[in-house]
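Below you'll find the structure, written out as structure tokens, and then a few comments.
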Amino acid sequence: MPDIYLDNNATTKVDSAVVDVMIPYFTEQFGNPSSIHRFADGVAKAIKKARSQVQELIGAEHDSEIIFTSCGTESDSTAILSAIKAQPNRKEIITTSVEHPAVLALCENLEKEGYTIHRMPVDKCGRLNLEAYKNLLSDEVAIVSVMWANNETGTIFPVVEMAEMANAAGVMFHTDAVQAVGKIPMMLQDTKIDMLSISGHKLHAPKGIGVLYLKRGTRFRPLLRGGHQERGRRAGTENTASIVGLGKACELAAEHMEYENVQVKAMRDRLEQGIIATVPHCFITGDLNNRLPNTTDIAFEYIEGEAILMLLNKAGIAASSGSACTSGSLEPSHVMRAMDIPYTAAHGTIRFSFSRYNDMSEVDEVLKVMPSIVATLRKLSPYWDSVNNCPVADPEQAFQPTYA
């Protein structure tokens with residue numbers, strides 16, 4: 001049985017080179033970086049080097065703009081809560097209907113506390129209306145939080161342009177860039193982005209380490225208070241080994257950026273083309289013209305995504321579904337609902353997400369099994385029976401997103 005991992009948007013394998021640089025900080029270099037003796041010197045220098053490595057990857061102006069956190073969720077929460085604490089008279093937040101739950105759940109809680117949350121809709125390709133966004137900006141808005149790239153479809157949002165618009169209106173701008181960092185080039189020093197979130201385990205670093213980029217001059221209120229670590233902006237003894245690992249992962253991501261956008265993209269495209277050619281009644285969701293190079297989200301009509309995943313797993317292939325099981329009943333993901341994907345397809349979405357550890361032979365293995373998996377499940381589907389028994393059924397009338 002093959003062992004094929006195509007769920008890299010959920011988490012990634014830690015690079016062996018990352019593990020190698022981490023190990024000494026569990027054993028030999030164990031000092032607390034805040035201490036003033038020789039056991040701390042090398043540790044403090046290693047953290048400073050990691051900060052510079054992150055800075056280089058995202059194009060920050062200075063390494064002081066890098067704050068180490070525990071994860072992307074903490075970074076998201078810190079950014080949003082800092083903005084509202086620093087501007088207590090502003091009671092509105094702008095986000096999108098397709099954000100990660102790390103942002104949406106926080107906004108839902110803030111809504112209960114009296115904040116007005118503007119959740120911008122997307123079209124059937126997952127795109128935002130910038131004119132509608134411009135109309136929402138006002139001096140009542142504390143912060144805009146828009147993801148750089150969607151975790152399900154890979155659709156890239158125009159966050160650089162949106163940050164410019166927010167800045168012109170005197171509004172702070174944050175982006176959850178967890179899926180985008182390391183996959184597409186960034187030069188934050190040339191943007192008006194105030195804050196940006198990173199999660200280490202999305203780019204071959206360990207779990208439990210993240211970053212909040214904070215542009216110099218941005219008003220800020222810490223989420224965690226106590227010690228003086230991270231220049232007083234995030235209290236708690238530094239997770240040295242993971243910080244060092246994240247720094248190395250960022251260095252490697254920069255080195256492999258071209259590979260990500262050429263070879264990894266070629267794997268994704270080959271998988272898409274092969275599935276579309278051999279499996280009827282399926283289509284790709286999101287913006288085909290503007291998305292991450294490693295991500296494809298394919299909707300298979302008239303069957304359940306969970307059933308597809310079970311048979312893929314049986315064949316030794318790991319992927320993920322756009323659907324979630326909630327309270328014992330299947331519900332399409334909030335991203336699929338926001339894009340108005342038809343009910344008969346929204347339940348059958350499968351996300352394949354690649355990394356530099358995949359190869360074309362794995363794509364070929366997936367293409368071998370997908371047609372039979374889908375055919376097997378459709379034989380059991382009452383929806384599929386109704387389609388086949390309908391004399392006016394026409395594949396050309398199936399949902400087909402259009403791309404400008």
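- Side-chain N/O atoms of Thr96 and Glu99 include a donor and acceptor closer than 3.5 Å.
- Side-chain contact of Asp194 with Tyr213: a donor-acceptor pair under 3.5 Å is absent, judged by distance alone.
- The two residues Asn358 and Tyr259 make their nearest non-hydrogen contact at O-OH, 4.3 Å.
- Remark: Glu255 CD is packed, more than 12 non-hydrogen atoms of other residues, nucleotides or ligands lying under 6.0 Å away.
- Gln55 and His62 share no donor-acceptor pair across their side chains, judged by distance under 3.5 Å alone.
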Inset, instruction - Would you please test Asp297 and Thr285 for side-chain hydrogen bond (donor to acceptor under 3.5 Å, both in side chains) and show each step? - result: CA-CA 6 Å; Asp297 188 74; Thr285 71; 2.7 Å; yes
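- The list of ring-ring contact (aromatic ring centres under 6.0 Å, His included) pairs with a residue in residues 93-117, not counting sequence neighbours, is empty.
- For the residue pair Thr296 / Glu272, a side-chain donor-acceptor distance below 3.5 Å is found, with atom types taken as modelled.
- Note: Phe157 CZ to Asp176 CG = 11.0 Å, rounded to the nearest 0.5 Å.
- The pair Asp123-Arg127 meets the salt-bridge criterion, with a side-chain N (NZ, NE, NH1 or NH2) lying under 4.0 Å from an Asp/Glu carboxylate O.
- Considering all non-hydrogen atoms of both residues, His174 and Ser197 come closest at NE2-OG, 2.8 Å.
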Legend entry - Stepwise salt bridge (Lys or Arg N to Asp or Glu O under 4.0 Å) check, Arg90 with Asp139: CA-CA 7 Å; Arg90 297 192 176 208; Asp139 56 10; over 6 Å; no
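- Summarising the geometry, atom SG belonging to Cys250 is positioned 5.0 Å from atom CG belonging to Leu57; distances are rounded to the nearest 0.5 Å.
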Inset, instruction - Could you go through the salt bridge (Lys or Arg N to Asp or Glu O under 4.0 Å) check for Arg270 and Asp364 one step at a time? - result: CA-CA 9 Å; Arg270 180 168 174 172; Asp364 292 339; 2.8 Å; yes
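- In terms of modelled atom types and a separation under 3.5 Å, the side chain of Thr12 and the main chain of Asn8 share no donor-acceptor contact.
- Between Gly154 and Thr295, the closest heavy-atom pair is N-CG2, 3.8 Å.
- Side-chain contact, Glu152 with Ser333: a donor N or O sits under 3.5 Å from an acceptor N or O.
- Between the CD1 atom in Ile341 and the NE2 atom in His347 there is a gap of 12.5 Å [rounded to 0.5 Å].
- A distance-only check finds no donor-acceptor pair linking the side chain of Arg291 to the backbone of Ile156 [under 3.5 Å].
- In terms of modelled atom types and a separation under 3.5 Å, the side chain of Ser75 and the main chain of Cys71 share a donor-acceptor contact.
- Going from atom CD1 of Ile80 over to atom CD1 of Ile143 covers 6.0 Å, rounded to the nearest 0.5 Å.
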Inset, instruction - Quick one: do Arg119 and Glu111 satisfy salt bridge (Lys or Arg N to Asp or Glu O under 4.0 Å)? Show the steps, please. - result: CA-CA 11 Å; Arg119 300 173 180 86; Glu111 196 169 37; 2.8 Å; yes
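- Residues Ile4 and Glu365 form a side-chain contact, since some pair of their non-hydrogen atoms from C-beta on lies under 4.5 Å apart.
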